[in-house]
Number of protein chains: 2
Amino acid sequence: MERVFQALASTPRRKILAYLAHAELSAGDIAARFEMSKPAVSQHLSVLENAGLIKSEKRGQFVFYRLLPDALTNVLNGYVQEVCPVSRPLKAESRAIADKQRQSGD
Amino acid sequence: MERVFQALASTPRRKILAYLAHAELSAGDIAARFEMSKPAVSQHLSVLENAGLIKSEKRGQFVFYRLLPDALTNVLNGYVQEVCPVSRPLKAESRAIADKQRQSGD
DNA sequence: AATTTATTTAAGTAATTACTTATATACTTT
DNA sequence: AAAGTATATAAGTAATTACTTAAATAAATT
């Protein structure tokens with residue numbers, strides 16, 4: 001959990017997760033979306049991977065990264081539960097989420 | 001959101017939130033539960049307060065702190081939604097949460 | 001009014017984190 | 001096998017963060 005919160009405490013890393021939410025991308029694809037150098041992005045990717053939030057797979061010359069959504073949702077929901085065990089807003093929020101998912105045919 | 005994730009990326013600060021989940025406590029009460037100096041704890045408290053996660057109220061000589069649970073749940077649930085819009089595990093988790101809340105008579 | 005108690009602010013330092021450029025590794029193409 | 005492309009590792013530096021002790025502020029007690 002420590003590593004997950006550490007990983008999330010960075011805007012570029014949260015941005016990377018957002019990119020990976022919709023598609024699998026290569027390290028280069030991701031780096032191209034940032035101003036900073038490729039090694040800097042590579043370091044962010046390994047922070048995210050060490051936190052268990054993403055997974056890398058080498059295919060040929062490329063390294064593809066994809067999101068592991070369960071890791072994120074489990075840690076964050078688990079944490080909310082721990083700190084706010086009687087959270088009315090969460091209840092409302094989870095209802096809203098369930099509604100959205102029903103709409104999107106899930 | 002930036003500030004919330006920043007605030008959560010620290011074990012002592014998450015520990016403070018856990019203490020405040022169950023009771024309102026004075027700055028001194030909180031500091032007494034840590035090894036570090038009172039000013040260090042005071043700084044952690046202001047990081048949490050600037051993130052909107054807790055609120056302070058001065059009563060006489062003491063400053064009492066309490067949790068603002070909505071801030072936490074809204075940010076974390078909102079974020080999970082953003083990054084994992086079709087998260088089956090979240091759905092399962094939110095079901096489990098709802099169950100628990102029903103049990104505890106909420 | 002002087003002293004004690006609770007807390008914060010200030011100022012400085014040590015530790016950590018986020019970058020940079022340069023170099024190494026490993027595939028792919030010629 | 002030589003050259004080019006994709007990525008990571010290494011090494012160093014700048015910026016940030018997490019502490020420390022000392023001093024300031026404010027309320028309570030004597």
Side-chain angles (χ1 to χ4, degrees), chain A residues 1-20 23-68 71-72 75 79, chain B residues 1-20 23-68 71-72 75 79:
Chain A
M1 193 181 70
E2 173 70 17
R3 286 186 183 183
V4 170
F5 281 113
Q6 195 83 357
L8 293 175
S10 146
T11 302
R13 284 196 291 265
R14 287 195 306 277
K15 214 169 152 189
I16 290 172
L17 292 180
Y19 285 132
L20 293 178
E24 182 182 71
L25 293 170
S26 73
D29 288 339
I30 297 166
R33 287 167 167 82
F34 290 86
E35 298 288 300
M36 72 186 87
S37 69
K38 285 175 188 185
V41 173
S42 180
Q43 283 172 201
H44 283 306
L45 287 168
S46 59
V47 170
L48 289 167
E49 188 162 27
N50 289 332
L53 294 175
I54 64 176
K55 197 177 181 318
S56 68
E57 188 185 347
K58 180 151 193 174
R59 289 208 295 274
Q61 200 171 12
F62 301 89
V63 177
F64 289 93
Y65 285 90
R66 64 187 175 79
L67 189 68
L68 298 178
L72 190 64
V75 169
Y79 180 70
Chain B
M1 193 182 71
E2 173 70 18
R3 286 186 185 184
V4 169
F5 280 113
Q6 196 81 356
L8 292 175
S10 147
T11 302
R13 285 196 292 264
R14 287 196 306 277
K15 214 168 150 188
I16 289 172
L17 293 181
Y19 284 132
L20 293 178
E24 183 182 71
L25 293 170
S26 73
D29 288 339
I30 296 166
R33 286 169 168 81
F34 289 87
E35 299 287 301
M36 71 186 90
S37 69
K38 285 175 187 185
V41 173
S42 181
Q43 281 172 203
H44 283 306
L45 287 168
S46 61
V47 170
L48 289 167
E49 188 162 26
N50 289 333
L53 294 175
I54 63 176
K55 197 176 180 318
S56 67
E57 187 187 347
K58 180 151 194 175
R59 289 207 294 273
Q61 199 174 13
F62 300 87
V63 177
F64 289 93
Y65 284 90
R66 65 186 175 80
L67 188 68
L68 298 178
L72 190 65
V75 168
Y79 180 70

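The figures here come from the full heavy-atom set of this structure, side chains too, leaving out hydrogens, waters and symmetry mates. All values reported here derive from a predicted model rather than from experimental measurement.
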Worksheet item: So does Ser42(B) get a side-chain nitrogen or oxygen closer than 4.0 Å to the phosphate oxygens (OP1/OP2) of dT8(C)?
Response: yes
Rounded interatomic separation in angstrom, taking [atom1] from [X] and [atom2] from [N]:
X	N	atom1	atom2	result
Tyr65(A)	dT7(D)	OH	C1'	8 Å
His44(A)	dA8(D)	NE2	P	13 Å
Phe64(A)	dT7(D)	CZ	C1'	12 Å
Gln43(A)	dG12(D)	CD	C1'	12 Å
Met36(A)	dA8(D)	CE	P	15 Å

Worksheet item: Between Ser10(B) (side chain) and Ala7(B) (backbone), is there a donor-acceptor pair under 3.5 Å?
Response: no
Worksheet item: Among pairs that include at least one residue of residues 44-61 of chain B, which meet salt bridge (Lys or Arg N to Asp or Glu O under 4.0 Å), considering only residues two or more places apart or in two chains?
Response: Glu24(B)-Arg59(B), Glu57(B)-Arg59(B)
Worksheet item: Which residue pairs pass the salt bridge (Lys or Arg N to Asp or Glu O under 4.0 Å) test with at least one member in residues 6-19 of chain A, sequence neighbours excluded?
Response: Arg14(A)-Glu2(B)
Using a 4.0 Å cut-off on heavy atoms, which residues in [range] reach DNA chain C? List them by number, or say none.
range	result
residues 25-35 of chain A	none
residues 48-61 of chain B	Gln61(B)
residues 3-17 of chain B	none

Item to complete: Would you give the length of the straight line joining atom OG1 of Thr11(B) to atom NE2 of His44(B), rounded to the nearest 0.5 angstrom?
Response: 9.5 Å
Measure across [X] and [Y] and return the closest heavy-atom pair with its distance rounded to 0.1 Å.
X	Y	value
Phe5(B)	Ala9(A)	O-CB, 3.7 Å
Ser26(A)	Phe64(A)	N-CD2, 3.7 Å
Ala71(B)	Gly52(B)	CB-O, 3.2 Å

Worksheet item: The side chain of Ser37(B) lies closest to which of these nucleotides: dT20(D), dT20(C), dA18(C)?
Response: dT20(D)
Discussion item. Reading DNA chain D from 5' onward, which residue's closest nucleotide shows up sooner: Pro39(A) or Phe62(A)?
Written reply: Phe62(A)
Worksheet item: Is there side-chain contact between Leu20(B) and Leu53(B), with heavy atoms separated by less than 4.5 Å?
Response: no
Discussion item. Glu35(B): which residues meet the salt bridge (charged side-chain N to carboxylate O under 4.0 Å, His left out) condition with it, sequence neighbours left out?
Written reply: none
Practice prompt. Let me see the working for Val4(B) and Gln6(B) under side-chain contact (heavy atoms from CB on, under 4.5 Å), right down to the final yes or no.
Written response: CA-CA 5 Å; Val4(B) 169; Gln6(B) 196 81 356; over 6 Å; no
Worksheet item: After noting the C-alpha distance and the side-chain angles of Tyr79(A) and Leu8(B), does the key distance pass the side-chain contact (heavy atoms from CB on, under 4.5 Å) rule?
Response: CA-CA 10 Å; Tyr79(A) 180 70; Leu8(B) 292 175; 3.9 Å; yes
